[in-house]
Amino acid sequence: MKLLMAANWKMFKKLDEAALYSKELAKLARNLPPDREVALFAPFTSLRVCADNLGGSVALGGQNCYPAAEGAFTGEISPGMLLDCGCSHVLVGHSERRAILGENDAFIGKKCAFALSAGLQVLLCIGESLEERDKGLLRAVLERQLGEDLAAVPETASAQNLSVAYEPVWAIGTGRVAGAPDILEAHALIRAFLERRFPDRGKMMRILYGGSVKPENVAEIIALDNVNGVLVGGASLQIDGFSRIVRAPVA
Ligand code: PGA
């Protein structure tokens with residue numbers, strides 16, 4: 001399985017910046033290490049220009065979607081609209097949406113199932129807060145999130161279409177990266193869950209790590225067992241930094 005190196009721009013970049021970056025990213029994609037794939041999760045307003053510039057060389061995704069084909073849902077975007085803009089992927093359940101926009105696991109579960117049935121590849125984000133970790137709730141939190149977020153996803157979901165990003169909330173945008181033992185423990189828990197929930201396929205589903213990934217620490221992270229890629233926020237905003245991450249050797 002190739003490593004998926006994914007950029008999450010969050011709410012950054014206007015059209016001109018998105019256009020410049022995506023042209024550079026397309027160049028980078030022409031010469032990737034053979035064990036790598038790249039994905040870009042861009043704001044809705046930049047998706048079309050990115051799709052035009054990337055020309056399919058890099059997987060493109062939205063950062064959210066609404067679980068309905070169309071309707072009176074002011075401000076929302078459907079999976080079909082993302083596909084129409086050239087997306088193949090969508091992020092679901094990012095901790096910023098859980099914490100700031102109030103999304104709960106029941107709603108995230110609807111999004112996962114609907115986006116998959118609409119033909120998008122889903123990258124489901126999960127992770128514990130510092131308080132939950134300190135209370136010894138790591139396993140309980142990850143298993144609750146996975147259980148509820150994937151409740152309506154059929155057992156036959158393909159490994160290609162469903163990936164999980166483990167993003168401990170305390171490591172996102174804080175500069176505090178989880179240590180190797182933390183990442184190994186969480187990813188092993190997630191792998192065991194996926195193997196139980198999706199017999200035969202769970203072992204092939206990608207598990208990405210996210211949270212303060214940088215050019216300086218990515219080599220050690222992608223060398224860990226059950227780490228099949230990274231989801232990068234802050235350090236993906238400059239093409240030079242993201243390029244170093246994408247090309248980093250495995251330590
Ligand atoms: P960060 O964000 O790399 O800035 O910590 C990761 C994410 O939120 O996906």
Side-chain angles (χ1 to χ4, degrees), residues 1-66 69-70 77-92 94 111-112 114-125 157-165 201 204-210 213 218 222 228-233 235-248 250:
M1 159 179 14
K2 290 188 178 188
L3 293 166
L4 182 64
M5 315 303 274
N8 171 15
W9 282 354
K10 308 192 178 186
M11 198 175 75
F12 289 96
K13 297 200 188 294
K14 297 196 177 129
L15 276 180
D16 53 347
E17 300 165 291
L20 274 176
Y21 185 117
S22 52
K23 279 184 192 150
E24 291 302 312
L25 190 58
K27 285 187 208 156
L28 171 68
R30 277 189 224 125
N31 201 6
L32 283 181
D35 63 337
R36 306 289 154 96
E37 282 173 12
V38 177
L40 169 63
F41 293 93
F44 297 137
T45 46
S46 297
L47 289 173
R48 190 64 247 174
V49 73
C50 289
D52 289 343
N53 287 336
L54 294 170
S57 59
V58 162
L60 184 64
Q63 298 172 6
N64 179 36
C65 65
Y66 190 82
E70 58 184 7
I77 296 284
S78 71
M81 290 168 174
L82 292 179
L83 289 161
D84 201 31
C85 277
C87 290
S88 51
H89 285 63
V90 67
L91 279 186
V92 177
H94 191 280
K111 293 188 190 203
C112 284
F114 193 84
L116 281 168
S117 70
L120 284 169
Q121 297 181 36
V122 168
L123 177 52
L124 169 67
C125 304
S158 86
Q160 168 81 1
N161 289 348
L162 180 64
S163 306
V164 174
R201 298 180 171 82
M204 297 301 296
M205 288 174 175
R206 281 191 176 118
I207 307 174
L208 277 58
Y209 171 77
V213 174
V218 66
I222 55 177
N228 312 116
V230 284
L231 180 58
V232 190
S236 76
L237 291 174
Q238 306 298 329
I239 186 70
D240 291 350
F242 188 56
S243 164
R244 284 170 62 205
I245 288 173
V246 167
R247 309 179 133 282
V250 180

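Small disclaimer: the values here were computed from a predicted structure and weren't measured.
For the atom pair CH2 (W9) and OG (S46), the distance works out to 5.5 Å, reported to the nearest 0.5 Å. To the nearest 0.5 angstrom, I77 atom CD1 is 9.0 Å from N64 atom CG. Between L60 atom CG and C85 atom SG the span is 8.5 Å, to the nearest 0.5 Å. In this structure, CE on M81 lies 11.5 Å from SG on C65, to the nearest 0.5 angstrom. Between the CD atom in Q238 and the CD atom in E24 there is a gap of 12.0 Å [rounded to 0.5 Å]. Taking OG of S88 as the reference point, atom CG of L120 lies at 7.5 Å (rounded to 0.5 Å).
Counting only distance, with no hydrogens or angles, the side chain of R247 and the backbone of N31 share a donor-acceptor pair below 3.5 Å. The main-chain N or O of S57 is never found under 3.5 Å from a side-chain atom of R30 such that the two would form a donor-acceptor pair. For K2 (side chain) and G229 (main-chain N/O), no donor-acceptor pair under 3.5 Å exists by modelled atom type. Using modelled atom types, one side-chain atom of E17 and one backbone atom of K14 make a donor-acceptor pair closer than 3.5 Å. Of the possible polar contacts, none joining the N8 side chain to the G233 backbone as a donor-acceptor pair under 3.5 Å is found. At distances below 3.5 Å, at least one donor-acceptor pair connects side-chain atoms of Q63 with backbone N or O atoms of F41.
Heavy-atom contacts from other residues, nucleotides or ligands closer than 6.0 Å to CZ of F44 number more than 12.
Here the closest heavy-atom approach between residue A26 and residue L54 is recorded as N-CD2, 3.9 Å. Of all non-hydrogen atoms in A19 and S22, the two that sit nearest each other are O-OG, 3.2 Å. Minimum heavy-atom separation, V122 to C112: CG2-O, 4.0 Å. Shortest non-hydrogen contact noted between Q121 and Q160 is OE1-O, 3.1 Å. Across all their heavy atoms, A6 and L208 have their closest contact at CB-CD2, 4.3 Å. Looking at every heavy atom in both residues, D35 comes nearest to V250 through OD2-CG2, 4.2 Å.
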Q. When you look at E70 and S78, which way does the side-chain contact (heavy atoms from CB on, under 4.5 Å) test go after all the steps?
A. CA-CA 6 Å; E70 58 184 7; S78 71; 5.9 Å; no

Q) Given R48 and D52, is the salt bridge (charged side-chain N to carboxylate O under 4.0 Å, His left out) satisfied, shown in steps? A) CA-CA 6 Å; R48 190 64 247 174; D52 289 343; 2.8 Å; yes

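With a 4.5 Å cut-off on side-chain heavy atoms, L15 and T45 do not count as touching. Inter-residue side-chain proximity for N228 and M205 is flagged as unmet; no heavy-atom pair is nearer than 4.5 Å. A heavy-atom distance below 4.5 Å is not found between the side chains of V90 and P79. V213 is not listed as a side-chain neighbour of L231, based on a closest heavy-atom distance of 4.5 Å or more. The side-chain heavy atoms of V218 and M5, taken from C-beta on, include a pair separated by under 4.5 Å. Two residues are said to be in side-chain contact when any heavy atoms from C-beta on lie closer than 4.5 Å; V230 and I245 meet this criterion.
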